[in-house]
Amino acid sequence: MLSGTGITAGYRGPVITDVSLTVHPGRTVGLAGPSGSGKSTLARVLALLHKPFAGTVEIDGETVTGFRFRARQRTKIGVLFQQPRLSVDPRFTLRQAIAEPGGDRVDELAELVMLTDDLLGRRPHEVSDGQLQRACLARALALNPRYLICDEMTTMLDASTTAALVGVIRDYQTRSGAGVLAISHDATLLGRWADETVRL
Amino acid sequence: MVNLEIDRVSVRFALKGATVQAVNDVSLRIRPGECVALVGESGCGKTVLASALLGFLPGNAETSGSARLGDVDLLAATDHELATKVRGRQIGLIPQSPASHLTPVRTARSQLEEAARILGGDADQAAERAGLLPEHLDRYPHELSGGMAQRVANALALVGNPPLLIADEPTTGLDRDLVDGLLQEFRRLVDEGHAVLLITHDLAAAHQVADRIAVMYAGRIVEVGPAHEVLDHARHPYARGLANALPERDFVPVPGQPPLLTDLPAGCAFAPRCEQATAICEDRPVLTDDPHAVACHLPC
Ligand SMILES: Nc1ncnc2c1ncn2[C@@H]1O[C@H](COP(=O)(O)OP(=O)(O)O)[C@@H](O)[C@H]1O
Ligand code: SF4
Ligand SMILES: [Mg+2]
């Protein structure tokens, strides 16, 4: 179980106050809410990328004590963002990007997200947003995360690529029992994707 | 006001040892009082087409065909002509990822007021129409959220009151409320007699506002027709697959991936993904010229 309890977090001032949310293994929780409501802030706290002012994050029964570079449990959580271009080093080929977290499963992961050999040799500016997001998904799955946090993952993507990536994530969940937090402003998408949806 | 007549436009990029065929033989007419949506997955050539119309292509690009707006051929015009007569005055562009197009060291207000002065528009009115409050205008681009940056870009594109608006993925990253507001604004412009070319991967947005939808695949228009017909009775297998992939429909992807634009098949570019493909698909299908046109040998 991945849970945040009584989370207050923000930057200069708090953006979210006393928010609690739980993702059970194998389940998909949708997170909706207007822009500026703090969805991404909560996502970053649960991904251990941002230290909250107050509250606790627990992963599989263990309370998190360090965030960001101090986060020992970081690898249990995979994260995907809206803009794949901002999250891949532009000098890397897609193959290098997928291999970045470590592990030698690039070919297997690439097949999972349907990236061909030719595409793996290209750099980010030589592929489309959809293809780059596929690589980001492969990279997020490289260390077999127990939980996957998808923050507006499909915003830049067309309907077909969206359906394809959600399909890849569902297959991974079925195999691994991972829990997923799906953040989107698209209520129709969350209605179709998530088991339950929480509003911020 | 005049039509935009895009006639057999192709754009190629020369790379080391390869040519990217980004836009292939595209013809499309957009009339005053009409909103046409150009849809298709990312990388299919939508932004390149828009860039060609505004003279924003990089040096390694080569174009053919023509794009007439009144007596100007946008593809043949000099940069000076485009800068002084077309951009902002005849055509307003809402660029893709607007945040990166704003000047970082100046506030939204100073950029909007400068544009208003050059183009003879009203900055306050443009800001208000785009849903910006005075306090937003005093921010620098890095202090604007994605939605706010989008509204600043909208205000900048509209301040000169151009008869044609080209909006490249203007709804990306906006909340439903903001999307609805923006689409209503487009509709209002269209009803006033403006022409709008809405470039988007968001079929729901296209459906909501467009009179006609053109579906692009691998740089070609494969289907174009009245919005409802294209979405509800698509004739091209790709257009049908794309509509069915929507979460409110089947939510299943079109199998496979688009071809490389450096290595397009000689025949129908969709054939490797098409369940209906037969030997005749090795010949390239041409776009029919009926009101609901399709480029497919065996349309649905
Ligand atoms: N300067 C360039 N040099 C080479 N290829 C390019 C250049 N600009 C765009 N492309 C390619 O042209 C194709 C169409 O891109 P684009 O118009 O941005 O797609 P869309 O807007 O439909 O997502 C893509 O394959 C892209 O990689
Ligand atoms: S021309 Fe042939 S391959 Fe192309 S979409 Fe039509 S049936 Fe499919
Ligand atoms: Mg584009």
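Throughout, protein chains are lettered first and strands after them, A, B, ... in sequence-line order, and every chain is numbered starting at 1.
No more than 12 heavy atoms of other residues, nucleotides or ligands shown are found within 6.0 angstrom of CZ on A/Arg70. The local environment of CD in B/Glu143 is crowded, with over 12 non-hydrogen atoms from other residues, nucleotides or ligands closer than 6.0 Å. Other residues, nucleotides and ligands contribute over 12 non-hydrogen atoms within 6.0 Å of the CZ atom of B/Arg249. The environment of CD in A/Glu111 is sparse: at most 12 heavy-atom neighbours from other residues, nucleotides or ligands sit within 6.0 Å. With a 6.0 Å radius and a threshold of 12 heavy atoms from other residues, nucleotides or ligands, A/Lys51 has its NZ atom at or below the threshold. Atom CG of A/Asp104 sits in a sparse spot, with 12 or fewer heavy atoms from other residues, nucleotides or ligands closer than 6.0 Å. Taking a 6.0 Å sphere around CD of A/Glu196, one finds it holds more than 12 heavy atoms contributed by other residues, nucleotides or ligands.
Comparing A/Met156, A/Glu152, A/Met114 by heavy-atom pairs within less than 4.5 Å of chain B, the highest count is held by A/Met156.
In plain terms, the two heavy atoms of A/Ala163 and B/Ala245 that are nearest each other are CB-O, 4.0 Å.
Residue A/Asp129 holds its CG atom at 8.5 Å from CD of B/Glu169, rounded to the nearest 0.5 Å.
Only the backbone of B/Asp250 comes within contact range of chain A, with at least one heavy atom under 4.5 Å from a heavy atom of that chain. Neither the backbone nor the side chain of A/Arg85 comes within contact range of chain B; no heavy atom of the residue lies under 4.5 Å from a heavy atom of that chain. If you measure heavy-atom distances from B/Val254 to chain A, the contacts under 4.5 Å come from both the backbone and the side chain. Heavy-atom distances place no part of A/Leu165 under 4.5 Å from chain B, backbone and side chain included. Heavy atoms closer than 4.5 Å to chain B are found in the side chain of A/Gln131, but not in its backbone. Of the atoms belonging to A/Thr188, heavy atoms from both backbone and side chain fall under 4.5 Å from chain B.
Looking at heavy atoms from C-beta onward, B/Glu248 lies out of side-chain contact with A/Arg192 at the 4.5 angstrom threshold. Residues A/Arg122 and B/Leu260 are in side-chain contact: their nearest non-hydrogen atoms beyond the backbone lie under 4.5 Å apart. Under the 4.5 Å side-chain criterion, counting only non-hydrogen atoms from C-beta, A/Arg134 is in contact with B/Gln257.
Partner of A/Asp158 under the side chain to side chain contact (heavy atoms under 4.5 Å, CB included) criterion, chosen from B/Leu203, B/Val39, B/Asp202, B/Leu242: B/Leu242.
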